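What follows is a structure written as structure tokens; I'll ask about it next.
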2 protein chains.
Amino acid sequence: MAATIRDVARLAGVSTSTVSRALSVPELVNAATRAKVQSAAASLGYAPNRAARGLITGRTGNLGLVLPDLANPFFPSVVKGVQARARAADVAVFVADTDEDDLAEIGLVRALAKQVDGLILCSPRSTDDELREIAAETTVVLVNRLVDDLPAVVFDHRDGMRQAVAHLVALGHRRIAWVGGPANSWSSEQRGAGLAAAAAAQGVELVEVGHFPPYYDGGMAAADQVVATGATAVITYNDLVAIGLLGRLHFRGFFVPDDLSVVGIDDIEMAAMARPTLTTVRLPKQQAGRIAVELLLSLLDIPASTERERPAHRALTGELMVRDSTADAAR
Amino acid sequence: MAATIRDVARLAGVSTSTVSRALSVPELVNAATRAKVQSAAASLGYAPNRAARGLITGRTGNLGLVLPDLANPFFPSVVKGVQARARAADVAVFVADTDEDDLAEIGLVRALAKQVDGLILCSPRSTDDELREIAAETTVVLVNRLVDDLPAVVFDHRDGMRQAVAHLVALGHRRIAWVGGPANSWSSEQRGAGLAAAAAAQGVELVEVGHFPPYYDGGMAAADQVVATGATAVITYNDLVAIGLLGRLHFRGFFVPDDLSVVGIDDIEMAAMARPTLTTVRLPKQQAGRIAVELLLSLLDIPASTERERPAHRALTGELMVRDSTADAAR
DNA sequence: TTGAAAGCGCTAACAG
DNA sequence: CTGTTAGCGCTTTCAA
């Protein structure tokens, strides 16, 4: 069995409460006793039982991360960012993949909520109302989603789309197609809106092709419709969709970027491995994960009764990565 | 505050122990009282506090999953399998990504060990000795690694390589190159050995090209050396390496499969998205995750004092996925 | 500055 | 079949 606080107390010749204090609020205990306790703890390899501590403090020291699909390379990056920051704060991370199932999502969130101090919901598929409810029950930070003024980390899609459009305009494109993501995806809506604004501002025509699954297959499905629009360039919901599009275009004998320019969003690693390599808007994924944890931790340190005044959300800027797939393809 | 067992007891008009029993060992309590308790619990939305339960049962109801790199698409598949099975057993999963850092790995494992009932170590980078030590301290199931007779789920690489070689031989290849993974990778060693055996058995010449990082870049790095061997076909440590190889071959003006046939291992989704699509040995990744959880759960049900007799490990068979990248390229 | 005592929410003997 | 009792390992009053 692992050493308990009593073992340490006995070895150090003090009471358990002194051990507890020496280890968690060192300044409250005499330097000499503190040293005795610490060496005793060290020699026994003592580490407090977190469950027992949690029982009394009401803190688990755990954090939950819920996301739609680990198979989409976007999310592992976020996970990495979250883990790196959580680890530094000695917080363990439960990860739950909902498989893009919005019903499963709520269930998972509810189940996780009981075992963690706070939850990070990345690109949640639930409705605003559901998210409000969840946020009322437990501390939550959203990533890639904005609901009222719930704490959130989002990407500045307006700016990202502005960059993408500016790039395409510089290449001579005047008619751009947009392949949207899932209809219930907040970020698809944001990206579409940002794109519409950018297109209007820069005087190019935008053709919306509809909603597609956020996978390779979604891009395959969208390709023929994109071609039919007569657009000379296309921007897709994410890189996976762009790569699927590339696949189908290749199959149909279209050359990218000669016949059509393609721009994705995310900059997953695969974007640089595709052929042609994919031009895309890089989103700071790991950074988003890190900041989400920081936000969550800061929220948790504040007594629930206190009114928060910190900024409710933070927007991260993306940057255009230009690769083969848009090399002057306009006519 | 969430409802406690006392709230339920009061509402149902019974003692807390009856509530406890009614909820966890229903057959030990009278049907009528059981019903009363259950409806009381339901109306209060009661769910037992797992930390409190764990304190007394010694079980956390949690499981830890440690893996080298979530950015490698192989691992998210395993995670999905693990989660699916764990969820069904009402077990939550801590996920820890070591970033391919073998030192970090031990630390993470030690930290996680205190908060879980058991650990699944997927493709661990630690030494055999370290793994033995860990297994002595906590219940562990290895995935994609064999150490003594520690419980493990592995893939049958011998058979996978046999299939790959048979396929290439049928296409007329007589000289096959092997691009190994990291020198300290157990599975690279296994795959290489399986391949050597298969090559010998089927009378083809095998040329080993050395060890490369298990990423796209590793394949890029290996490509020129592969070409220099004069082999007409190449098998790589994993799909990521194969795709990198494809990239470099394309850059150098070689056509796959006309100039060289390529076979990967894993069958990550990207294999079907590459151009040409990649022939590969599909490993049942999710299944491995599921079985690992099952193994772990079954180990945990057995009192620590009892000697286990169950099979120490289970080997899963892979299957060849034939795609464009090997279409009769022999001469 | 330290110790004694009282629980956190739950389960597990042990009686009845 | 059910209630009483006694903790699991820890933190936190409250006194000293």
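Note on naming: letters A, B, ... go to the chains in the order of the sequence lines (proteins, then strands), and numbering restarts at 1 for each one. On a predicted model such as this, the values are computed, not experimentally measured, just so you know.
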- Could you work out which one of dA5(C), dC1(D), dT11(C) sits closest to the side chain of Ser17(A)?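 The answer is dA5(C), which lies nearest to the side chain.
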- Message: Checking Thr18(A) against Ser15(A): is there a side-chain donor and acceptor pair closer than 3.5 Å?
- Response: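 On atom types as modelled, these side chains qualify, holding a pair under 3.5 Å.
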- Message: If you only use heavy atoms from C-beta on, which nucleotide in dC10(C), dT13(D), dT2(D) is closest to the side chain of Arg21(A)?
- Response: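 Per side-chain heavy atoms of Arg21(A), the pick is dT13(D).
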- Item | Value in whole Å for how far the P atom of dG9(C) lies from CZ of Arg53(A) |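 Checked: the CZ to P distance equals 18 Å.
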- Nearest heavy-atom pair of Asp69(B) and Phe75(B): which atoms, and what distance?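 Asp69(B) and Phe75(B) have their closest heavy atoms at O-CD1, 3.2 Å.
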- Message: With a sphere of 6.0 Å drawn around CZ of Arg110(B), does it hold more than 12 non-hydrogen atoms of other residues, nucleotides or ligands?
- Response: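 Counting neighbours around CZ of Arg110(B), more than 12 heavy atoms of other residues, nucleotides or ligands fall under 6.0 Å, so yes.
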- Rounded distance in Å - CG (Leu23(B)) to C1' (dT2(D)):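 One finds 15 Å between C1' of dT2(D) and CG of Leu23(B), rounded.
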- Full working for side-chain hydrogen bond (donor to acceptor under 3.5 Å, both in side chains) between Asp156(B) and Thr317(B): CA-CA 5 Å; Asp156(B) 184 347; Thr317(B) 306; 4.6 Å; no
- Looking only at heavy atoms, which two atoms of Gln115(A) and Ala111(A) are closest? And how far apart?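 That closest heavy-atom pairing would be NE2-O, 4.0 Å.
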- Considering non-hydrogen atoms only, spot the tightest contact between Arg132(B) and Asp129(B) and give its length.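 For Arg132(B) and Asp129(B), the tightest heavy-atom pair comes out as NH1-OD1, 2.6 Å.
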- Kindly assign one of parallel, tilted or perpendicular to the pair Phe94(A) and Phe94(B), based on the angle between their ring planes and the thresholds 30° and 60°.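 The rings of Phe94(A) and Phe94(B) lie parallel, inter-plane angle below 30°.
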- Query: Would you say Thr18(A) reaches dG3(C)'s phosphate, i.e. side-chain N/O to OP1/OP2 under 4.0 Å?
  - Reply: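 For dG3(C), OP1 or OP2 has a side-chain N or O of Thr18(A) closer than 4.0 Å.
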- Do any N or O atoms from the side chain of Asp148(B) and from the backbone of Leu150(B) form a donor-acceptor pair under 3.5 angstrom?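 Side chain of Asp148(B) to backbone of Leu150(B): no pair is present.
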- For DNA chain C, what residues of residues 31-44 of chain A have any heavy atom nearer than 4.0 Å?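 Going residue by residue through residues 31-44 of chain A, the ones with a heavy atom under 4.0 Å of DNA chain C turn out to be Thr33(A).
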- Query: Taking DNA chain C as the partner, which of residues 4-11 of chain B come within under 4.0 angstrom of it by heavy atom?
  - Reply: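 Here the set is Thr4(B), Ile5(B).
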- Query: Regarding Ser126(A) and Glu105(A), is there a side-chain donor-to-acceptor distance under 3.5 Å anywhere?
  - Reply: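 Note: Ser126(A) and Glu105(A) side chains meet the donor-acceptor criterion.
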- For Leu55(B) and for Val25(B), locate the closest nucleotide of DNA chain C by heavy-atom distance; then report the residue assigned to the nucleotide nearer the 5' terminus.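 Mapping each residue to its closest nucleotide by heavy atoms, the 5'-most match is Leu55(B).
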- Message: Please report the distance, rounded to the nearest Å, between CG in Leu28(A) and P in dT11(D).
- Response: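 Between P of dT11(D) and CG of Leu28(A): 13 Å.
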- Query: Val154(A) versus Leu316(A): any side-chain heavy-atom pair under 4.5 Å?
  - Reply: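 SC-SC contact between Val154(A) and Leu316(A) ruled out.
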- Message: Using whole Å, what does the distance between atom C1' of nucleotide dG7(C) and atom CG of Asn49(B) come to?
- Response: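 Atom-to-atom, Asn49(B) to dG7(C), this comes out as 14 Å.
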- Message: Tell me the closest heavy-atom pair linking Ala89(B) and Leu297(B), and the distance in Å.
- Response: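 Here Ala89(B) and Leu297(B) meet closest at CB-CD1, 3.7 Å.
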- Query: Which of these nucleotides, dT11(D), dT2(D), dT2(C), is closest to any side-chain atom of Thr16(A)?
  - Reply: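 Minimum distance to the Thr16(A) side chain belongs to dT11(D).
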- Would you work out how much the helix from dT1(C)-dA16(D) to dG16(C)-dC1(D) bends between its ends, with each end axis defined by five base pairs, to 10 degrees?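 What I find for the helix from dT1(C)-dA16(D) to dG16(C)-dC1(D) is an axis angle of 40°.
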- Residue Ile56(A), side-chain heavy atoms: nucleotide from dA12(C), dT2(C), dT11(D) that is nearest: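 Of the options given, the side chain of Ile56(A) lies nearest dT11(D).
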- Would you kindly give the CD-to-C1' distance between Glu27(B) and dC1(D), to the nearest whole Å?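 Answer to the nearest Å: 13 Å.
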